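Below: the structure, in structure tokens.
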2 protein chains.
Amino acid sequence: MATIKDVARVAGVSTATVSRVVHNGGQVGDACRARVKKVIAELGYRPNTNARALVSKKSDTLGVVTPRLSMTFFGTLAAGVENAARENSYKLLMSNSLYETETELEAIESLREHSCNAIILHSEYSDEKTLQELARQVPGLVLINRFLPSMANRCVWLDNVAGGKKITEYLIERGHKQFAVVTSVYQNNDPQSRLTGVKEALKNAGLKMPANNIVESTANMRGGEEAVQELLKRGAKFTAVVAYNDLMAVGAMNALQDAGIRVPEDVSVVGFDDLYITRACRPKLTTMSYPIEEMANYAAKLAIDLSTNPSNVQNRTHLFMPELIERNSVADIS
Amino acid sequence: MATIKDVARVAGVSTATVSRVVHNGGQVGDACRARVKKVIAELGYRPNTNARALVSKKSDTLGVVTPRLSMTFFGTLAAGVENAARENSYKLLMSNSLYETETELEAIESLREHSCNAIILHSEYSDEKTLQELARQVPGLVLINRFLPSMANRCVWLDNVAGGKKITEYLIERGHKQFAVVTSVYQNNDPQSRLTGVKEALKNAGLKMPANNIVESTANMRGGEEAVQELLKRGAKFTAVVAYNDLMAVGAMNALQDAGIRVPEDVSVVGFDDLYITRACRPKLTTMSYPIEEMANYAAKLAIDLSTNPSNVQNRTHLFMPELIERNSVADIS
DNA sequence: TTGAAAGCGCTAACAA
DNA sequence: TTGTTAGCGCTTTCAA
């Protein structure tokens, strides 16, 4: 691979001039610039990223840490980041944290060794103190899907409470009065927040939900199935089930149907996230959107901005709203 | 961040010694080694990756180029690579090629600028010549999901012909005689290969399939639906439909059911890939596994090995076999 | 407008 | 066993 020296030699200029041309620095004569550009093209010269990062202490690289890339949700997140990265000619450095604080911290350290100073972190575990300290050291660190009041302006997150509330109100409008909730023991606050939203909506409408009608399980299809089986075993009465996410909702629908209960004729089911799967199941699932790709894109731009220009931190947080996606898993009962 | 010089100064040794300790090079006295290690820990020293890459011309970074990270399939691929990367203390550099040759080539160039000499490439478009030349220049380049005879030993791929054949034989064993195929106009050879397998199995069993019973469409759910609608419009007769992939199969099932045709009682449906979705749809889909995570893991190890030790290229290719996954979308008709 | 030169943090040949 | 030294390819200040 041609180096800057090769270009300088062939073009008969100094390496400093080549560097200026590469960076579109204004201070180069037209003739000279043209000549250098020509040589660059001829030699197929491309600057060595590592050398550049070494001296400039930044690498035009965006680091992303998520729990597990193989999960659709995080793949989509990564895609959103990738998009923003490409638009800004940044590269993408990825790590899985595997839901472990230690791996997560290690990943971030390793990112820093790469002079990667724009970082998107989907952290579930690490405590607030650690994160605050990290944020202080890395101005381009942005948290996604988590809200920490002490660093609100570095958080890009979704209003889960509003989401839970909205979809419950939708169900109430359609005449539902007896609810069941299939929630999860997930590591972060999301299940709790969504449940809070559900309860708020119920309360506002003067509706009661027996504690018996809330079941906790793992946040996947199997968990949704088991939760409904438990509900049925308990003899709970309900015409609508609000699931923590789409995966659990699909599991719930399957368990319902297996028990000879029709969806949505007998019982309506709603999810949350709007994964691809919502269009594959039958009936198609009514759910709340989680614009994670858009959010990730936004977070990436924010991270790049902050890493370039730390003083741009504004005194505000970055909150996204989920939206209702109507499909066929909810029936009117009037 | 502490540098190697800081460590050397505090420990009262030269930077060369520190470097040796960091690399576990044997040639250091025990006392000296212990002292240096202590200082490293105290200072929280971590070697700068860029400086290291600059001088050693390698970066302990694994590059991955796939069409689009947000698609489950590629997310899973990336996860397999990530796993191998972590095990070898490699970092992961990701790029989307967006199904475009130019972006793909650009991504690879950019990877090389990073001194990233182990590369996993899922390429659909780039022509053989280009790829061959690339492979010559980058000993650690491995192709995944594509077979190029001229560089067979650098290809990690799946036997799609065998897959198509196997699942068709399974259907034949269950008494099916009238087949329909929902295939795709996908950019690579996979649809063609799978179709070849289907035809082989049919031929071996002395079965005929009218040309009318093969419909081509896009490789997603919508495509599967449309294909079945077309089949129905043509008045094609069949008891089994073999879809190019799971997405099309789910679409096919939906279209069938919408038309009042029961799956699998009236018509059996099979897919390919074994995506998560196969467990969400009703009935659960019988399909062929595509062990992409395992393959990606293997490919990553191969790439790392070859980049470290180019002479390890063996005169063989790396072929994986799909396996039948029995679920509930196929009925016996006897 | 252009060039000379120092140095980013590290590795590795060579010397001691 | 340990240190000295010369770069790796690039940016950037300072001087011309």
Side-chain angles (χ1 to χ4, degrees), chain A residues 1-37 39-40 43-61 89 91 109-117 308, chain B residues 1-37 39-40 43-61 89 91 109-117 308:
Chain A
M1 296 207 118
T3 74
I4 199 171
K5 280 188 189 167
D6 298 324
V7 177
R9 187 167 27 76
V10 175
V13 297
S14 73
T15 60
T17 299
V18 177
S19 180
R20 287 183 193 112
V21 170
V22 169
H23 291 249
N24 285 314
Q27 318 302 44
V28 185
D30 286 348
C32 180
R33 176 185 304 274
R35 191 151 31 96
V36 171
K37 282 201 166 168
V39 175
I40 288 178
L43 265 45
Y45 165 72
R46 304 198 51 157
N48 178 306
T49 323
N50 294 117
R52 198 201 287 249
L54 178 56
V55 28
S56 67
K57 276 142 177 31
K58 56 198 176 78
S59 66
D60 287 3
T61 299
S89 310
K91 292 273 89 48
E109 270 317 305
S110 142
L111 253 22
R112 295 181 64 196
E113 284 164 31
H114 278 265
S115 312
C116 167
N117 23 29
T308 319
Chain B
M1 297 207 117
T3 73
I4 199 171
K5 279 189 190 167
D6 298 324
V7 177
R9 186 167 28 76
V10 175
V13 297
S14 74
T15 60
T17 299
V18 178
S19 180
R20 288 185 192 109
V21 171
V22 169
H23 290 176
N24 286 314
Q27 319 300 43
V28 186
D30 286 347
C32 180
R33 175 185 305 273
R35 190 153 30 94
V36 171
K37 281 200 169 172
V39 175
I40 287 179
L43 265 43
Y45 165 72
R46 304 200 51 157
N48 178 308
T49 323
N50 294 118
R52 198 201 287 249
L54 178 57
V55 28
S56 67
K57 273 140 180 34
K58 56 198 178 75
S59 65
D60 286 4
T61 299
S89 310
K91 293 274 88 48
E109 271 317 305
S110 141
L111 254 23
R112 296 182 62 196
E113 283 165 33
H114 278 264
S115 312
C116 167
N117 23 29
T308 320

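All chains are named by letter (A, B, ...) in the order of the sequence lines, taking the proteins before the strands, and each is independently numbered beginning at 1. None of the values given here were measured: they were computed from a predicted structure.
Closest approach to the A:Thr15 side chain among C:dA5, D:dG9, D:dC8 is made by C:dA5 (side chain taken as heavy atoms from C-beta onward). Out of C:dT11, D:dC10, C:dA4, the shortest distance to the side chain of A:Ser14 is found at C:dA4. Nearest nucleotide to the B:Arg20 side chain, out of C:dG3, C:dC14, C:dA5: C:dC14. Picking from D:dG9, C:dT11, C:dG3 the nucleotide with the shortest atom distance to the side chain of A:Ala16 gives C:dG3.
Phosphate proximity of D:dG9 to A:Thr3: absent, as no side-chain N or O sits under 4.0 Å from OP1 or OP2. A:Arg52 has no side-chain polar atom (N or O) that falls below the 4.0 Å cut-off from OP1 or OP2 of D:dG9. For D:dC10, neither phosphate oxygen OP1 nor OP2 lies less than 4.0 angstrom from any side-chain nitrogen or oxygen of A:Ser19. Phosphate proximity of C:dC8 to B:Lys5: present, with a side-chain N or O under 4.0 Å from OP1 or OP2. Phosphate contact (OP1/OP2 of D:dT11, side-chain N/O of A:Lys57, threshold under 4.0 Å): absent.
Closest of all the heavy-atom pairs between B:Glu113 and A:Asn50 is O-OD1, 4.0 Å. Closest heavy-atom contact between B:Val28 and B:Arg20: CG2-CB, 3.6 Å. Across all non-hydrogen atoms, the minimal contact from B:Val36 to B:Val13 is CG2-CG2, 4.0 Å. Listed here is the closest heavy atom pair of A:Ser115 and A:Ala53: OG-O, 4.3 Å.
Rounded to an integer number of Å, the gap from B:Leu54 CG to D:dC8 C1' is 4 Å. B:Asn50 has its CG atom 16 Å from the C1' atom of C:dG7, to the nearest Å. Nucleotide C:dC10 holds its C1' atom 15 Å from the CE atom of B:Met1, rounded to whole Å. Following rounding to the nearest Å, A:Ile4 (CD1) and D:dT12 (P) show an atom-to-atom distance of 11 Å. Residue B:Arg35 contributes atom CZ, which lies 15 Å from atom P of D:dT1 at whole-angstrom precision. Here D:dG9 presents its P atom at 14 Å from CD of B:Glu113, a figure rounded to the nearest Å. Whole-Å rounding puts the A:His114 NE2 to C:dC10 C1' distance at 14 Å. Between A:Arg9 atom CZ and C:dA4 atom P the separation is 15 Å, expressed in whole Å.
In this structure, the separation between CG on B:Asp60 and CG on B:Asn117 is 8.5 Å, given to the nearest 0.5 Å.
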Derivation of the side-chain contact (heavy atoms from CB on, under 4.5 Å) call for B:Thr49 and B:Ser59:
CA-CA 7 Å; B:Thr49 323; B:Ser59 65; 5.6 Å; no
I would like to know whether A:Ser19 and A:Ile4 meet side-chain contact (heavy atoms from CB on, under 4.5 Å); could you show each step before the answer?
CA-CA 8 Å; A:Ser19 180; A:Ile4 199 171; 4.1 Å; yes
Verify side-chain contact (heavy atoms from CB on, under 4.5 Å) between A:Val22 and A:Val18, making sure each step is shown before the conclusion.
CA-CA 6 Å; A:Val22 169; A:Val18 177; 4.2 Å; yes
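If one axis is set at each end of the helix from C:dT1-D:dA16 to C:dA16-D:dT1 from five pairs, those axes are 40° apart, to 10°.
With DNA chain D read from its 5' end, the first of the two nearest nucleotides for A:Val22 and B:Thr17 is the one closest to B:Thr17. Comparing A:Val18 and B:Val13 by the nucleotide of DNA chain D that holds the closest heavy atom to each, the one mapping nearer the 5' end is B:Val13.
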